[in-house]
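Data first, discussion second: the structure below is written as structure tokens.
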Amino acid sequence: MARSERLLALLQLLRRHRHPVSGATLARELGVSIRTLYRDIATLQTQGADIEGEPGVGYVLRPGFMLPPLMFSQSELEALILGFRWVQKFADMPVTKAASDALAKISAVLPAELRDELENTALLVGPRRVVDAEVVDLVLLRSAIRRERKLRLAYADGAGTFTERVIWPVALGYFEETRMLVAWCETRDDFRHFRTDRMREIALMETRYPRRRALLLKEWHEQDSRPRRPEDGQSCA
């Protein structure tokens, strides 16, 4: 087990004990020597963990200590970097920039050994195939989703036919070749899927839709257990 992983495991172990636990017990559960255990406790204390106790008495992690974001296991770090790289490759520009900024913030506070892992990970993401063809602002779409506001939408289907709808935006899906909005359509009185590159105009309405987004999202999942890709012929009808 890498040292960073062992420190994280020690913190999690201390969280499970409300009363002081002996160093011998902690060392046995972690599979390390008592000397290594004492060194690890000292390291966590210097990093801000409110661990009280001493050899022969036991140790306890005081309530209120929040696990710092720099404490990742190697597997967690690999999952994060893979996710960030996918977002950087396939998301729209504001989200791509946000991912790069977040990754830079995490890298800045990581210990040197983990920073090297972050910068040299061998996990890669395939080539970008999606084209930024939207004429509408996806930031506005995401804002409408967060605020649970209705949208007035001008939309062109696959045949080029234009329609105007009032929709309740529920979720925005990012695929390798396109992006798609899941929404309740007042015209169809049902869920519909709208490709963002076929949206010609959107307007945020002041009206909140009458049902909570979490409930709508749950109903959509129950109705369709997987996000339908545009080639399924269900983008909008």
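Since we're looking at a predicted model, the values are computed, not measured. The figures here come from the full heavy-atom set of this structure, side chains too, leaving out hydrogens, waters and symmetry mates.
No salt bridge links Asp92 with Lys97; every basic N to acidic carboxylate O contact stays at or beyond 4.0 Å. One finds no salt bridge joining Glu148 and Arg211 here, because no Lys/Arg side-chain nitrogen approaches an Asp/Glu carboxylate oxygen to under 4.0 Å. Look at Glu201 and Arg152 and you find no salt bridge, because none of the NZ, NE, NH1 or NH2 atoms lies under 4.0 Å from a carboxylate O. Ionic pairing of Glu177 and Arg195 is not present here: no N-O contact between side-chain nitrogen and carboxylate oxygen is shorter than 4.0 angstrom. For Lys150 and Glu206, the salt-bridge test fails: no basic side-chain N is under 4.0 Å from an acidic carboxylate O. With salt bridges taken as basic N to acidic carboxylate O contacts below 4.0 Å, none links Arg188 and Asp190.
Between the side chains of Thr36 and Ser33, at least one donor-acceptor pair of N or O atoms lies under 3.5 Å. Judged purely by distance below 3.5 Å, without hydrogens or angles, the side chains of Gln88 and Thr96 never pair a donor atom with an acceptor atom.
Atom CZ of Arg208 is surrounded by more than 12 heavy atoms from other residues, nucleotides or ligands within 6.0 Å.
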Let's go through Leu151 and Leu141 carefully: what are the C-alpha distance in whole Å and the side-chain angles of both, what is the deciding distance for side-chain contact (heavy atoms from CB on, under 4.5 Å) to 0.1 Å, and is it a yes or a no? CA-CA 8 Å; Leu151 281 174; Leu141 284 184; 3.4 Å; yes
Go through it in stages, so that I can follow the logic: the residues are Arg198 and Asp157, the test is salt bridge (charged side-chain N to carboxylate O under 4.0 Å, His left out), and I'd like the CA-CA distance, side-chain angles, deciding distance and then a yes or no. CA-CA 7 Å; Arg198 293 179 181 172; Asp157 63 17; over 6 Å; no
Could you go through Thr46 and Thr43, starting from their C-alpha distance and side-chain angles, then the distance that decides it, and tell me whether this counts as side-chain hydrogen bond (donor to acceptor under 3.5 Å, both in side chains)? CA-CA 5 Å; Thr46 61; Thr43 297; 5.4 Å; no
Apply the test side-chain contact (heavy atoms from CB on, under 4.5 Å) to residues Phe175 and Phe90: give CA-CA distance (whole Å), side-chain angles for both, the deciding distance (0.1 Å), then the verdict. CA-CA 7 Å; Phe175 298 99; Phe90 295 107; over 6 Å; no
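Taking CG from Leu44 and CG from Leu61, the interatomic distance works out to 9.0 Å, rounded to the nearest 0.5 Å.
Hydrophobic clustering (ILVMFWY, side-chain heavy atoms < 4.5 Å, transitive): Ile51 and Ile34 are in one cluster. Transitive grouping of hydrophobic side chains (ILVMFWY, heavy atoms separated by less than 4.5 Å) keeps Val136 and Val166 in distinct clusters. Cluster annotation: Val60 and Leu13 are assigned to distinct hydrophobic clusters (Ile/Leu/Val/Met/Phe/Trp/Tyr, side-chain heavy-atom contacts under 4.5 Å, transitive). Cluster membership check: Met199 shares its hydrophobic cluster with Val95, using side-chain heavy-atom separations under 4.5 Å among Ile, Leu, Val, Met, Phe, Trp and Tyr.
Taking 4.5 Å as the limit, some side-chain heavy atom of Leu172 sits within range of a side-chain heavy atom of Arg142.
Side-chain rings of Phe194 and Tyr155 approach one another, their centers coming within less than 6.0 Å.
Residues that satisfy the side-chain contact (heavy atoms from CB on, under 4.5 Å) test with Leu82, not counting sequence neighbours, are Leu123, Val125.
Ring orientation note: the planes of Trp184 and Phe191 are nearly perpendicular, at an angle over 60° on the 30°/60° scale.
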